[in-house]
Amino acid sequence: MNGKSTINGVNISYRRSRRAKNLRVTVHSTQAVTVTVPGKLSLERAEEFARSKLAWIQKHLRKIQETEQRQQALPELSQDQLNTAQDELFGRLERFSKKYDLPYKKASFRCQKTRWGSCSGQNNISLNINIAFLPPHLQDYILLHELCHIRHKNHSKNFWSRLDRYCHGRAKPLAKELKTYPMKMIK
């Protein structure tokens, strides 16, 4: 069974999956809503489930719309501005690296869809171009976050403890604040 319904103005698609064990709602970045239906569960039960999750679905649809609006409000940066931002960020990364004795191998500036930065197993740090749109205190948070992965390759208690020291006790609030910023799709 694959089907569709509209509940309070929300279009929902139903997709049958033999592997699914439970009903699951997915709100996609395109604002499409899908309910995955296991085995021989009825369409009526799947619609009932979707109705029970309507507030959750609407909340996530609003978040997607707000993110799209914030993305559209971000300024355009020229290649020169991006180059300047990259130079400034790499300079701050180097200063933090020396200050906290967290040596990295190399740094790069790339277009990424979902991550603000990453640190490889070889201690190569990659920064998302979108970091250029962030306020300086969040840029510093990302730089320090990736540098902390030099010592801790995970998000363990030790990782957060180290990052919290470098962020003056504000690591978790900064991580939460960062989640409110969208990533602009840069061509």
query = At their closest point, which heavy atom of A132 faces which heavy atom of A85, and how far apart are they?
reply = CB-CB, 3.8 Å
request  = Mind running side-chain contact (heavy atoms from CB on, under 4.5 Å) on Y100 and I150 for me, showing each step along the way?
outcome  = CA-CA 11 Å; Y100 297 116; I150 303 290; over 6 Å; no
request  = Describe, in one word, how the ring planes of W56 and H60 are oriented to each other, choosing from parallel (under 30°), tilted (30 to 60°) and perpendicular (over 60°).
outcome  = tilted
key: Nearest atoms (heavy-atom pairs only) where L147 meets F96   = CD1-CB, 3.5 Å
Contact summary for V33 and H28, nearest pair of heavy atoms = N-CD2, 4.4 Å
ask   = Below 4.5 Å, heavy atoms only, C-beta onward: do F90 and Q86 meet side chain to side chain?
value = yes
task = Indicate whether the side chain of S156 and that of N154 have a donor and an acceptor atom separated by less than 3.5 Å.
result = yes
remark   = Looking only at heavy atoms, the pair that brings I131 and Q139 closest together is O-NE2, 3.0 Å
inquiry  = Contact between Y14 and K4 at the side-chain level, heavy atoms closer than 4.5 Å - yes or no?
reply    = no
request  = Apply salt bridge (charged side-chain N to carboxylate O under 4.0 Å, His left out) to the pair R92 and E88, showing each step before the final yes or no.
outcome  = CA-CA 6 Å; R92 286 174 23 221; E88 289 172 3; 5.1 Å; no
Derivation and outcome, salt bridge (charged side-chain N to carboxylate O under 4.0 Å, His left out), residues E48 and R51 = CA-CA 5 Å; E48 201 178 290; R51 283 184 198 287; over 6 Å; no
message = What I want to check is whether the side chains of E94 and Y104 have a donor and an acceptor closer together than 3.5 Å.
response = yes
request  = Kindly say whether the aromatic ring centers of Y181 and F133 come within a distance under 6.0 Å.
outcome  = no
request  = For residues V10 and Q31, determine if any side-chain heavy atom of one lies less than 4.5 Å from a side-chain heavy atom of the other.
outcome  = no
key: Over 12 non-hydrogen atoms of neighbours within 6.0 angstrom of CZ in R165   = yes
task = Start with the C-alpha gap between D164 and K157, add the side-chain angles, then the distance that decides, and say whether salt bridge (charged side-chain N to carboxylate O under 4.0 Å, His left out) holds.
result = CA-CA 10 Å; D164 210 38; K157 188 175 181 181; over 6 Å; no
request  = Taking all heavy atoms of I7 and all of A50, pick out the closest pair and write down the distance.
outcome  = CD1-CB, 3.8 Å
message = A side-chain contact here means heavy atoms from C-beta on lying under 4.5 Å apart; do F109 and N128 qualify?
response = no
ask   = Got a sec: does the CZ of R24 have more than 12 other heavy atoms crowding it under 6.0 Å?
value = no
Considering all heavy atoms, the nearest C119-N123 contact = SG-CA, 4.0 Å
inquiry  = With a 4.5 Å cut-off on side-chain heavy atoms, are L102 and R151 touching?
reply    = yes
request  = Would you mind reporting whether L178 and L134 have side-chain heavy atoms less than 4.5 Å apart?
outcome  = yes
task = Please tell me if the side chains of Q122 and K106 come closer than 4.5 Å, counting only heavy atoms from C-beta onward.
result = no
ask   = Would R110 and S126 count as having a side-chain donor-acceptor pair, cut-off 3.5 Å?
value = yes
request  = Might you confirm whether atom NZ of K105 has over 12 heavy atoms from other residues, nucleotides or ligands at distances under 6.0 Å?
outcome  = no
query = When the ring planes of H145 and H155 are compared, do they come out parallel, tilted or perpendicular, using 30° and 60° as the limits?
reply = tilted
